[in-house]
Structure formats: structure tokens, C-alpha cells
Number of protein chains: 2
Amino acid sequence: MNKQSTEIQTARVAVDTVVFSVFDGALHVLLISVNRPPHYKNMNGLPGGLMTMKETSDEAVRRHLSGKIGLFHLYFEQLYTFTAIHRDKRNRVVAIAHLGLVTESEAKGVAREGGRWVPVLEVGQLAYDHNEILNTAVLRLAGKLLYTNIVRHLLPKKFTLTELQKVYEIIRNETFDKRNFRKKILSMNIIKDTHEMQTGVANRPASLFTFTGTKVTEIPLISSI
Amino acid sequence: MNKQSTEIQTARVAVDTVVFSVFDGALHVLLISVNRPPHYKNMNGLPGGLMTMKETSDEAVRRHLSGKIGLFHLYFEQLYTFTAIHRDKRNRVVAIAHLGLVTESEAKGVAREGGRWVPVLEVGQLAYDHNEILNTAVLRLAGKLLYTNIVRHLLPKKFTLTELQKVYEIIRNETFDKRNFRKKILSMNIIKDTHEMQTGVANRPASLFTFTGTKVTEIPLISSI
DNA sequence: GCAAAAGTGTTAGGTATACACCCATGC
DNA sequence: GCATGGGTGTATACCTAACACTTTTGC
């Protein structure tokens with residue numbers, strides 16, 4: 001391995017993905033087992049792997065997540081590229097890290113063996129520099145909630161305003177006033193009422209909302225100068 | 001070249017840098033000559049080059065900019081990593097693109113042969129995917145002006161409020177009311193009055209200001225929900 | 001004294017925040 | 001009928017946006 005890496009004279013390129021999902025009242029991240037002695041024995045790490053000569057980073061992300069892990073429907077975007085020389089103690093590997101999001105139902109469908117969902121607050125030491133990548137992703141996600149409609153990829157097609165608020169509260173780690181939250185979200189024009197109602201709940205049924213548009217876009221909240 | 005690239009089985013890693021400077025009333029970008037027939041003959045392109053096995057991307061950026069170009073003092077940060085398969089028609093090269101900023105006086109010091117400053121609005125077709133990288137950088141810079149103090153790296157140590165406003169107006173491509181701009185900037189606490197005055201101007205001399213702190217940081221402008 | 005840019009306050013409209021009660025459903 | 005979460009309005013404070021004249025210097 002080491003011989004080969006000095007021969008090829010260039011760093012390898014890998015993709016890593018921090019896939020988040022919100023359920024059971026917590027932000028979860030998808031982890032896989034890493035077992036590469038002597039440096040990384042029976043540890044957790046982020047899913048990912050090498051990018052081949054014939055695929056882009058996006059294609060590599062899809063290939064690695066759909067393979068052993070069985071994750072097919074996810075939103076993801078590039079996060080940051082990590083190039084510290086010894087970030088992988090075995091070889092020189094540059095990691096193009098990505099931030100991914102899936103809904104709860106998609107999360108529940110990942111192959112049993114492929115990966116598992118761990119609450120972000122309970123993640124211990126990860127292999128490589130994956131704790132640093134995870135921290136970067138958490139901050140990015142919390143930031144993007146405020147000025148994009150990225151939250152759409154954490155919720156099902158139809159959802160209640162309370163469900164939406166819970167996702168914001170969990171990721172932002174703060175609570176919001178229900179009335180003010182609704183006013184604010186509705187004023188953004190990123191969701192609309194389906195005029196359908198929840199059924200089978202032991203309380204007054206909530207209205208179901210859906211996201212307008214189809215893409216992740218910025219919402220002009222930042223006032224100009 | 002092509003033979004080698006198929007042998008090594010992994011994409012090469014390069015860094016490219018979009019270095020901006022504001023002077024003569026326009027946003028300028030630093031370009032170099034690219035002459036790599038048959039695909040790229042006598043074109044302009046962004047400065048950059050391969051990253052070696054023994055350096056990080058940041059170190060590669062510094063090496064490429066300080067070498068032929070003679071640019072030593074600049075701020076830069078990672079922008080985005082471009083991985084399209086044919087972004088370089090000769091070989092598979094992944095580019096970690098960076099956004100750099102220099103003051104006018106630093107810009108004037110670049111080696112004659114190494115590079116030249118071109119107003120962004122007058123940039124024509126660039127080699128590789130460098131137009132796409134440039135566009136990404138322009139948008140990032142305009143966005144970051146609004147919620148960080150990144151502008152500090154485009155101005156000298158001491159500057160007038162009008163100079164600061166001009167930089168904002170040029171990059172944001174909009175004009176601001178002088179009184180409101182001053183109130184807003186001063187309320188951000190990113191600059192302070194040096195109590196020195198301009199000298200030698202044919203009008204009332206302006207106060208000179210300087211940036212507080214030393215790092216690029218986010219300014220809490222985004223209201224919570 | 002004139003040309004050029006610096007510097008300075010107020011008002012009106014809109015947005016953010018804080019806060020408490022009634023409603024609809026399942027059991 | 002009771003437990004549970006759904007749904008709604010107002011008043012205040014703050015921030016944003018629009019706008020015009022006087023001051024200081026060099027020539």
C-alpha cells in the first residue's frame with residue numbers, strides 16, 4: 001500500500017458523506033464500521049470511499065451510498081475538501097466531504113449491515129479526521145436552515161407545522177415560539193397548505209403542509225446594507 | 001501524458017485560485033497565460049497547479065502564487081472542488097478551487113510576467129472550466145460581504161468610510177445611502193476610528209478607520225427564527 | 001470663492017418579540 | 001370529560017429606508 005502510494009506521486013481522491021436524518025427527537029448521522037489495522041481498529045467512520053477515474057465526486061457519493069449501505073434517495077451537496085497530509089495515517093488521501101440529508105422513512109430503509117444511525121450527540125471518536133468533518137457538517141446544516149429551504153429534505157412530502165418546528169429546534173438547539181415560528185415560515189413562501197388533515201391522532205388534527213418549488217434555494221433573509 | 005494518467009488510476013489533484021482585488025473602480029481578477037495545445041492555446045486562466053504528495057492544499061496555493069506570480073501576502077479560503085471528468089481535456093484533474101483577496105498595493109506588486117489583473121466584467125473565455133470557477137467565486141465574495149468582515153482583506157490597514165463603501169458597491173453592484181451605510185457598518189463593530197485624518201486631498205479630509213480584530217469572522221446579522 | 005468630498009438626524013414603515021387562551025380529536 | 005397537541009392576535013421595541021444640507025480642505 002505505502003509503496004504504491006509513493007509510486008503514484010499524487011494523492012488519492014476519496015469522497016466522504018455526512019448523512020443526517022432527524023427522528024426520535026434527535027439529529028442522527030449515518031456511520032459505518034471501519035476496521036483497518038493497525039491505525040483504525042473496530043471504529044466508526046463516515047461512509048465513503050475512493051473516487052474512480054471515470055466518475056465525478058457526485059457519482060462516487062451515489063455509488064458508495066447505494067452499494068453496501070442501500071441508500072438511494074438522498075439530497076447531498078459538497079461540504080469541504082480535507083487535505084491534511086496525515087488525515088489518513090495509511091496513505092495520502094484527499095477527501096471531498098459531502099453533506100447529505102434523508103427523511104426518516106428513507107433512513108429506516110438502510111441495509112442492516114451497511115450502516116447505523118447514531119445521535120450526533122452520542123458519536124464518539126471516529127476514524128481518520130471524521131470527527132472534524134462531522135463538526136463541519138453540523139455547523140453547515142445549522143447555518144443553512146436559516147437562509148435556505150434545505151430542511152425540505154429532512155421531512156416527508158406532507159408534514160405538520162409542529163413537525164417542521166421540531167426539526168428546526170433539534171438542529172438549531174433552541175426553542176421557538178409557536179406563533180412566531182409559523183408567521184416567519186409562512187412569510188418565507190417556502191411551504192403551502194395542502195388543505196389535508198392529519199388522521200388518527202389523539203388530539204386535534206393538524207393541517208398538512210408541503211414545500212413549494214422543488215430545489216434547494218436561498219431565501220432572501222439577509223438585509224442589504 | 002495520457003498513458004501515465006491511465007496507469008496511475010487516480011485523478012490528479014490541483015489547486016486553482018481566484019484572486020480578487022478592487023482598484024480603479026472595478027473588481028479585478030488575477031489571470032495567467034495558458035498555452036497547452038491542442039486544447040488550450042494562448043488563453044487566459046486562473047493561477048494554480050498540481051498539489052504534491054507532501055503539501056496540503058493551502059501549502060500548494062501559497063507555493064503556486066508565490067512562485068512565478070510573486071504574490072506573497074494574501075488571504076484565501078477554500079471555495080469549491082470541481083471534479084467534472086473533462087474539465088481538463090488532457091488529463092483527469094480534480095481542482096480544489098480557492099478564493100483569494102489582496103489589497104490594491106499588494107496587487108500592484110505582482111511580477112510583470114507572472115500574471116495580470118483583468119476587470120471581472122472584461123474576462124473572456126478562460127481555459128479549462130475556469131469561467132465556472134470564477135463565477136462561483138464572484139457569487140461567494142458578494143455573499144460573504146454581507147455576513148462576514150472579509151472585506152478587510154481588500155483594503156489597506158487604514159481607510160476611509162467612502163473607500164469601504166465603494167468596495168461594497170463595486171462588488172455588490174448596487175449603491176448605498178451614505179448615512180445608512182455608515183450607521184450599519186459602525187453598528188457591526190468591525191471597524192474603529194483611528195482619529196487620524198487623510199492628508200493632501202482637495203476636499204475636506206476624511207477620518208481614517210481600521211478593522212478591529214484580526215480574523216475573518218461571521219457577523220450575526222441573520223435573525224433567528 | 002469655488003469645486004469636491006466629508007459628515008451628520010429624523011421620520012415612517014416594517015419586522016421581530018413576547019405573551020395566553022380556546023379548539024378538535026381519541027379514548 | 002379529560003388529556004393532548006393545534007391553532008390563533010396584539011402591543012411594543014427595534015431596525016430599515018428614505019431623504020438634504022452644512023463643513024472642510026486645496027486651488
Side-chain angles (χ1 to χ4, degrees), chain A residues 22-25 104 145-147 155-156 158-170 172-210 218-225, chain B residues 22-25 104 145-147 155-156 158-170 172-210 218-225:
Chain A
V22 174
F23 51 85
D24 300 347
E104 173 174 0
L145 281 192
L146 296 183
Y147 66 93
L155 287 164
K158 294 171 186 174
F159 54 88
T160 70
L161 289 180
T162 299
E163 287 166 354
L164 178 61
Q165 184 174 344
K166 287 258 170 64
V167 172
Y168 269 86
E169 290 182 337
I170 289 165
R172 296 286 312 167
N173 194 30
E174 54 185 325
T175 58
F176 301 108
D177 176 82
K178 185 163 52 164
R179 281 167 290 193
N180 293 339
F181 180 82
R182 286 164 185 234
K183 267 181 287 187
K184 181 70 171 254
I185 285 287
L186 290 170
S187 78
M188 288 178 178
N189 292 320
I190 59 172
I191 62 173
K192 65 170 194 283
D193 196 336
T194 63
H195 302 294
E196 294 173 56
M197 287 287 176
Q198 251 184 339
T199 54
V201 285
N203 51 48
R204 177 172 169 178
S207 292
L208 293 173
F209 285 76
T210 191
E218 299 205 0
I219 301 149
L221 283 178
I222 302 173
S223 65
S224 158
I225 288 183
Chain B
V22 173
F23 52 83
D24 300 346
E104 173 173 0
L145 281 192
L146 296 183
Y147 66 94
L155 287 164
K158 294 171 186 173
F159 54 87
T160 70
L161 289 180
T162 299
E163 288 166 353
L164 178 62
Q165 184 174 344
K166 287 258 170 63
V167 172
Y168 269 86
E169 291 181 338
I170 289 164
R172 295 287 313 168
N173 193 30
E174 55 185 326
T175 58
F176 301 108
D177 176 81
K178 183 163 55 163
R179 280 167 290 193
N180 292 339
F181 180 83
R182 285 163 186 235
K183 268 179 286 187
K184 181 72 169 256
I185 286 287
L186 290 170
S187 77
M188 288 179 180
N189 292 320
I190 60 172
I191 63 174
K192 65 169 193 284
D193 196 335
T194 63
H195 303 293
E196 294 174 55
M197 286 287 176
Q198 251 185 340
T199 54
V201 287
N203 51 49
R204 178 171 171 179
S207 292
L208 294 173
F209 285 76
T210 191
E218 300 205 358
I219 301 149
L221 284 177
I222 302 172
S223 66
S224 157
I225 288 183

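Each chain gets a letter, A, B and so on, in the order the sequences are listed, and its residues count up from 1.
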Q: Select base, sugar-phosphate, or nothing to describe what A:S207 touches, counting heavy atoms under 4.0 Å on all strands.
A: sugar-phosphate
Q: Given D:dT16, D:dA17, C:dC19, identify the nucleotide with an atom nearest to the side chain of B:K183.
A: D:dA17
Q: Would you say A:F181 and A:L161 make side-chain contact, with heavy atoms under 4.5 Å?
A: no
Q: Taking CG from B:D177 and P from C:dT10, how many angstroms apart are they, rounded to a whole number?
A: 15 Å
Q: For B:L186 and D:dC15, what is the distance between atoms CG and P respectively, to the nearest whole Å?
A: 15 Å
Q: Are the side chains of B:R182 and B:T162 in touch, meaning some heavy atoms are under 4.5 Å apart?
A: yes
Q: Given atom CE of B:M188 and atom C1' of D:dT16, what is their separation to the nearest angstrom?
A: 13 Å
Q: Between B:Q198 and B:A202, name the one whose nearest nucleotide on DNA chain C is closer to the 5' end.
A: B:A202
Q: Whole-Å distance between D:dG26 C1' and B:M197 CE?
A: 16 Å
Q: Decide yes or no for A:K192 and A:T210: does some side-chain heavy atom of the first lie under 4.5 Å from some side-chain heavy atom of the second?
A: yes
Q: Looking at the side chain of B:R182, which of D:dC19, C:dA6, D:dT8 is the nearest nucleotide?
A: C:dA6
Q: Is there a donor N/O on one and an acceptor N/O on the other, under 3.5 Å, for the side chain of A:K178 and the base of C:dT17?
A: no
Q: In whole angstroms, how far is the C1' atom of C:dT8 from the CG atom of B:D193?
A: 14 Å
Q: Hey, is the side chain of B:T162 poking within less than 4.0 Å of OP1 or OP2 on C:dA6, counting only N and O atoms?
A: yes
Q: For the base of C:dA18, is there a side-chain donor-acceptor partner from A:N180 under 3.5 Å away?
A: yes
Q: Take the protein atom CG of B:N203 and the nucleotide atom P of D:dC27, then report the distance between them rounded to whole Å.
A: 11 Å
Q: Do the non-hydrogen side-chain atoms of B:Y168 and B:I185 ever get within less than 4.5 Å of each other?
A: yes
Q: Taking atom P of C:dA5 as reference, at what distance in whole Å does atom CD of B:E169 sit?
A: 14 Å
Q: Would A:T160 and A:M197 count as a side-chain contact (heavy atoms from CB on, under 4.5 Å) if you check the C-alpha gap in whole Å, the side-chain angles of each, and the deciding distance to 0.1 Å?
A: CA-CA 9 Å; A:T160 70; A:M197 287 287 176; over 6 Å; no
Q: With nearest nucleotide decided by heavy atoms, which residue, B:P205 or A:R204, maps closer to the 5′ end of DNA chain C?
A: B:P205
Q: May I have the distance from B:F181 (atom CZ) to C:dT8 (atom C1'), rounded to whole angstrom?
A: 16 Å
